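Taking it in order: structure first as structure tokens, then the write-up.
Throughout, residue positions are numbered sequentially from 1 according to the sequence presented. What you see is a predicted model, and the numbers here were worked out from it, not measured in a lab. No hydrogens, no waters, no symmetry mates; every other heavy atom, side chains included, goes into these values.
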Amino acid sequence: MTKHLLIAFLASSILAGCQSFTQKPTDIAEVDAENEDIGAPEADTEQLGFIDTVDPVLPAEDIENDTEEPTEPVVAIPQPPKDLWDRIRDGYQLNLDIDKPRLKSQIRWYSTHPSYLTRVSKRGERYLYYIVDELEKAGMPLEIALLPIVESGFDPFGYSHGRASGPWQFIPSTGHIYGLEQTWWLDGRRDIKLSTQAAIAYLQRLHKMFDGDWLHALASYNSGEGTVMRAIRRNKKAGKPTDFWSLDLPTETRAYVPKLLALAKIMKNPEAYDYQTHFIANRPYFEEVNIGGQLDLAQAAEMAEISIDEIYLLNPAFNQWATSPDGPHKLLIPVNKSKTFRTKLASISDNERVTWTRYTVRAGDSLLVIARDHNTTVEVLKDVNKISSSLIRVGQQLMIPIAGKSSESYTLSSHQRLLAKQSRAPSRNLIKVNYDVKSGDSLWSIAQQYDTDTKTLARWNNMGLGDPLFPGKKLVVWLKPDSESSASTSTRSVVKRVVYTIRSGDSLALVANKFKVSVNDIRKWNPKVGSQKYVQPGDKVTLLVNVVGG
């Protein structure tokens, strides 16, 4: 009897295995000449070297122990795929057998930019296993694991002009709805686990709202459920079909869903598109560790024996040099480093988690000024020093938590990312002007002053168009030489940035004459000095000088 049961079990296993093979397309449909080329993905122009140069912390390969010969017949048990891409393909649920011009356009773009696909796959290597695991638990199509490529290119620090942030690109209001806290210390929209859970919850709600239509749900994730509902109502009223492809939606949304479907088709059968996927191990990359309180991120990196950049890439929600004093008191650590980290964390005392300095209050000080000078907040100073009000007195001693290393060491903190962004010239032969925001300023008024537009100004400063401006905030403006002031009889023009120190007897007119530029240009390039009635010896002015032309 046992023998018959064993034979039956083996037969059923073989049949089940056969059903897992599916026929894959072997060619790409011809793109019609009249196809509309809507919303092709933009090239990955942002210089994300600080992400792409941090190699993943990969565990050593498991060593199999086959020293003992089996004494009993072994029944073959189906093993999970080693490559995460195989697992993703097995979980596809969407209809990819679609022949639409917009889809062909996106397939054409992605298939002709294989280096981009590999680059974003490598960025996603830290996060994809967790995302796939959560989608499977929710019973959702695993094509959605590719959505962060469409949203952010798997850049956890991605920030759009519309103020969307993180790998899933939540705007502030939607982030708050789904419990993604946004403070000076952290931005939950960038938290890998929390933002993924929020995106799944949001997509599930949209899926239910649109009666199980995933394309409507995905379109709503991009442009809002109200936009899609109105488009459906318009089509119903006009007697038109209400499927996604028939709706009159914003241009970005019309391209958004095809981008995801194009990625899914290419990743399903990469050979058909002459592409080879980047291998991603089908096992957890990180483990969540309870740290029990605030911790300097540089110290966390040392205890885990990884780089500070790796800590930030796994925990991108943290804006500053340390975790938030109010929590969450958790860190994601590479799986193969978590044991080492836990052991060292248990060996340090509470007062060793962050570095402290003792500060004596001076005349003219305020908690706001002290907090700003020490890269912390008034709330932290009050909490640490048990102060109930903002009143402090001269000579009072305050304990202040400070970074254990130089600020430059925390290369992926919010401040350092901004400085790196502001230091990258968008093109050659441009001069960088530092601008201190004044009361009454707006992005529009500053853009008008420097003959640019608000979108460009925001991009230079890693801002959203709706981000608040406050007096004292430092912006950068990139200027090109004025056509009149840089014109010369020479056909060649080599423009150099010159920093000149004002000497005794100098005036802006004398400096302008000396370097053959206009006074107005000097004032525009140097708004702080230019706003003064007189320049003073020692003042520094930046000039854009043609060193070839006469």
Side-chain angles (χ1 to χ4, degrees), residues 46 48 50-51 54 126-127 152 155-160 163-173 175-176 178-196 198 291 293-301 307-333 353-355 368 370-381 383-384 400-423 458 461-464 466-470 472-475:
E46 289 295 325
L48 295 172
F50 55 86
I51 294 177
V54 184
R126 293 175 174 84
Y127 322 120
S152 64
D155 173 11
F157 303 108
Y159 191 70
S160 76
R163 303 181 70 198
S165 182
W168 295 93
Q169 290 289 283
F170 277 95
I171 61 173
S173 57
H176 283 301
Y178 286 92
L180 303 177
E181 186 181 4
Q182 298 151 53
T183 69
W184 184 82
W185 282 102
L186 63 86
D187 189 338
R189 296 175 297 166
R190 296 199 303 264
D191 186 288
I192 300 305
K193 293 186 69 173
L194 294 180
S195 68
T196 298
I291 58 174
Q294 189 178 30
L295 183 66
D296 189 308
L297 292 175
Q299 188 175 11
S307 68
I308 298 179
D309 286 352
E310 179 70 17
I311 281 286
Y312 274 109
L313 286 170
L314 284 177
N315 302 274
F318 294 117
N319 292 326
Q320 310 304 331
W321 52 270
T323 64
S324 171
D326 300 322
H329 299 310
K330 297 175 182 178
L331 278 178
L332 301 185
I333 303 293
R353 290 171 165 269
V354 293
T355 304
L368 182 62
I370 296 170
R372 185 186 62 202
D373 291 346
H374 291 86
N375 197 27
T376 187
T377 65
V378 171
E379 290 71 22
V380 169
L381 293 182
D383 182 59
V384 167
I400 305 175
I402 59 170
K405 292 186 177 292
S406 66
S407 59
E408 292 78 14
S409 300
Y410 304 84
T411 50
L412 295 181
S413 68
S414 178
H415 180 63
Q416 291 301 319
R417 290 199 317 273
L418 175 60
L419 290 181
K421 175 74 174 178
Q422 292 179 329
S423 297
N461 294 279
N462 204 34
M463 295 175 62
D467 284 355
L469 282 182
F470 51 86
K473 183 178 177 66
K474 296 186 181 299
L475 302 180

Identify the two heavy atoms, one from Phe318 and one from Ser324, that lie closest to each other, and give their separation to 0.1 Å.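 Scanning both residues completely, I find the closest heavy atoms to be CE2-N, 3.5 Å.
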
Write down the atom of Gly166, the atom of Ser152, and the distance for their closest heavy-atom approach.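 Heavy-atom minimum between the residues: O-CB, 3.7 Å.
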
Are any non-hydrogen side-chain atoms of [X] and [Y] less than 4.5 angstrom apart?
X	Y	value
Pro328	Leu186	yes
Ile333	Ile311	yes
Asn319	Trp184	no
Trp168	Ile192	no
Ile308	Ser409	yes
Leu469	Met463	yes

Pair Asp467, Tyr159 - check side-chain hydrogen bond (donor to acceptor under 3.5 Å, both in side chains), show working. CA-CA 11 Å; Asp467 284 355; Tyr159 191 70; 2.7 Å; yes

Aromatic plane relationship, Tyr410 with Tyr312 - under 30° parallel, 30 to 60° tilted, over 60° perpendicular: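 Perpendicular, since the angle between the ring planes exceeds 60°.
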
Pair Asp309, Thr411 - check side-chain hydrogen bond (donor to acceptor under 3.5 Å, both in side chains), show working. CA-CA 7 Å; Asp309 286 352; Thr411 50; 2.4 Å; yes

Determine yes or no for a side-chain-to-main-chain donor-acceptor pair under 3.5 angstrom, with Arg163 supplying the side chain and Gly464 the backbone.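 It does not hold such a pair.
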
